[in-house]
Amino acid sequence: MNSIWTIARKELSDSLRNRWLIAIALVFAVLALGIAWFGAAASGQVGYASTPATIASLASLGIFLIPLIALLLAYDAIVGEEEGGTLLLLMTYPLSRGQLLFGKFLGHGLTLAFATLLGFGVAGIAIALLVDEVAVGALAAAMFRFIVSTILLGWGFIALAYMISVRVSEKPVAAGMALGIWFFFVLVFDLMLLGILVASEGKLSPELLPWLLMLNPTDIYRLLNIVAFGEGAQLSGVLSLGADLPIGANGLWFALVLWFVIPLAGAWALFRNRRI
């Protein structure tokens, strides 16, 4: 465990030195405050609308921003060490491949977690202080749930980036594959699912359709932050399938956890069999 924590501290230190943590936190805080005050501008209203509307808007932003940041943060975790010539050096230490991988994941995961907590936490505090009629307790609970789900979503994409990083041998290839993963889960998956629904003309099993959303962590994330308020009317498009899921909020939390546990286990298996 000491070896894992040593690697994690090194990654955290690198993130601080490279201004990653500060930059991510600042971006999150600015965007969260902007959405809180100007998210309803399209309807002719400027100012804080409501906690459910703000969280829904932040979740819509999160599905674009969080996966991209997570992938960029971690895509070169292993392949970058190999290209820099430091991977062989690390393997000469009393350090297993699993300890190296989990230590790096812990470092990158904590970097994203601290940045998310700092950025969105500052925005939540600002809303509580500046908006007179906001229910502070409900806002705190909603922001806490949103921040935790955002961290889990980010960890899932960090784990996916690790699967890429241990599989390829060149950083440009890893970067291209990382962008491909972002493009697929954020932009293509829902369109593809919608196309399948239209093409099937209702022939697909109604019991199966809602479970297809579990194949995309960004859909789970959006469902979790909408279902938490019990406002099924907000579900639209392919997300409306989520109204028929029998697992509830606890099942969605579990699914989001699985989305970083399983890819991380896969990255570990690939790294153990990798020739260095």
Side-chain angles (χ1 to χ4, degrees), residues 52 55-71 74 105 109 112-113 116 142 144-164 177-270:
I55 296 298
S57 297
L58 288 175
S60 297
L61 170 70
I63 63 169
F64 290 96
L65 194 59
I66 301 299
L68 183 60
I69 288 176
L71 290 165
F105 179 84
L112 187 63
T116 303
F144 177 78
R145 185 168 47 240
F146 169 72
I147 289 171
V148 173
S149 64
T150 299
I151 291 171
L152 291 177
L153 177 67
W155 285 359
F157 279 90
I158 289 175
L160 288 172
Y162 273 44
M163 289 190 69
I164 296 171
M177 292 182 68
L179 289 175
I181 284 179
W182 178 85
F183 190 78
F184 175 76
F185 282 114
V186 174
L187 300 176
V188 174
F189 183 89
D190 285 353
L191 291 176
M192 187 174 68
L193 182 55
L194 186 60
I196 291 173
L197 294 177
V198 173
S200 68
E201 297 180 348
K203 295 178 181 178
L204 285 177
S205 170
E207 292 78 15
L208 172 64
L209 291 176
W211 292 101
L212 295 179
L213 294 176
M214 298 297 100
L215 299 178
N216 188 348
T218 64
D219 284 339
I220 299 172
Y221 171 74
R222 282 194 293 173
L223 283 172
L224 193 56
N225 284 288
I226 294 175
V227 169
F229 293 99
E231 298 187 6
Q234 290 187 15
L235 297 174
S236 59
V238 295
L239 282 184
S240 61
L241 296 173
D244 297 323
L245 276 172
I247 57 176
N250 290 334
L252 293 174
W253 281 111
F254 182 68
L256 204 53
V257 169
L258 287 181
W259 259 105
F260 83 82
V261 171
I262 293 175
L264 185 60
W268 183 26
L270 290 171

Participant: Hey, are the side chains of I247 and W211 touching, using non-hydrogen atoms and a 4.5 Å cut-off?
Facilitator: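 Touching, per the 4.5 Å side-chain cut-off.
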
Participant: Can you give me the closest heavy-atom contact between A159 and F105, atom names plus distance?
Facilitator: N-CE1, 4.0 Å

Participant: Atom CH2 of W182 and atom CD1 of I69: how far apart are they, to the nearest 0.5 Å?
Facilitator: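 It comes to 11.5 Å.
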
Participant: Looking at G154 and A70, what are the two nearest heavy atoms and their distance?
Facilitator: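 Closest approach of G154 to A70: O-CB, 3.4 Å.
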
Participant: Check whether any side-chain heavy atom of M214 lies under 4.5 Å from a side-chain heavy atom of L252, and answer yes or no.
Facilitator: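 A side-chain contact exists here, since the closest heavy-atom pair is under 4.5 Å.
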
Participant: Applying side chain to side chain contact (heavy atoms under 4.5 Å, CB included), run through F183 and L179 and close with a yes or a no.
Facilitator: CA-CA 6 Å; F183 190 78; L179 289 175; over 6 Å; no

Participant: Could you list all the side-chain hydrogen bond (donor to acceptor under 3.5 Å, both in side chains) pairs where at least one residue sits in residues 152-164, not counting sequence neighbours?
Facilitator: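 Only H108-Y162 qualify under side-chain hydrogen bond (donor to acceptor under 3.5 Å, both in side chains).
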
Participant: Please report the interatomic distance CG(L112) to CD1(I158), rounded to the nearest 0.5 Å.
Facilitator: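 L112 CG to I158 CD1: 5.0 Å, rounded to 0.5 Å.
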
Participant: Flag the pair I151 / I66 as yes when at least one side-chain heavy-atom distance between them is below 4.5 Å, and no otherwise.
Facilitator: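 A side-chain contact under 4.5 Å is absent here.
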
Participant: Taking only residues two or more places apart in sequence, or in another chain, which ones meet I181 in a side-chain contact (heavy atoms from CB on, under 4.5 Å)?
Facilitator: L71, F157, L160, I164, F185

Participant: Can you name the side chain to side chain donor-acceptor pair (under 3.5 Å) partners of T150, sequence neighbours left out?
Facilitator: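 With sequence neighbours excluded, T150 shows a side chain to side chain donor-acceptor pair (under 3.5 Å) to Y221, given in chain and number order.
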
Participant: Quick check for you: to the nearest 0.5 Å, what is the distance between D219 atom CG and L256 atom CG?
Facilitator: 11.5 Å

Participant: Drop me the distance from S149's OG to L223's CG, to the nearest 0.5 angstrom.
Facilitator: 11.5 Å

Participant: Checking F184 now: which residues fulfil side-chain contact (heavy atoms from CB on, under 4.5 Å) with it, not counting sequence neighbours?
Facilitator: V188, F189, M192

Participant: Please round to the nearest 0.5 Å and tell me the distance separating atom CG of D190 and atom CD1 of I63.
Facilitator: 7.5 Å

Participant: Got a sec, which residues hit side-chain contact (heavy atoms from CB on, under 4.5 Å) with I262, two or more places apart in sequence or on another chain?
Facilitator: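 Once residues adjacent in sequence are excluded, the partners of I262 under the side-chain contact (heavy atoms from CB on, under 4.5 Å) criterion are L258.
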
Participant: So do L213 and L193 actually touch side chain to side chain, heavy atoms under 4.5 Å?
Facilitator: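 Contact flag for L193/L213 side chains = yes.
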
Participant: Do you know which two heavy atoms are closest between G62 and L153, and how far apart they sit?
Facilitator: O-CD2, 4.2 Å

Participant: Is the shortest heavy-atom distance from the side chain of I220 to the side chain of W253 under 4.5 Å?
Facilitator: no

Participant: Residues in side-chain contact (heavy atoms from CB on, under 4.5 Å) with W268, at least two apart?
Facilitator: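 Checked W268 against side-chain contact (heavy atoms from CB on, under 4.5 Å); matches are L101, F102, R272.
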
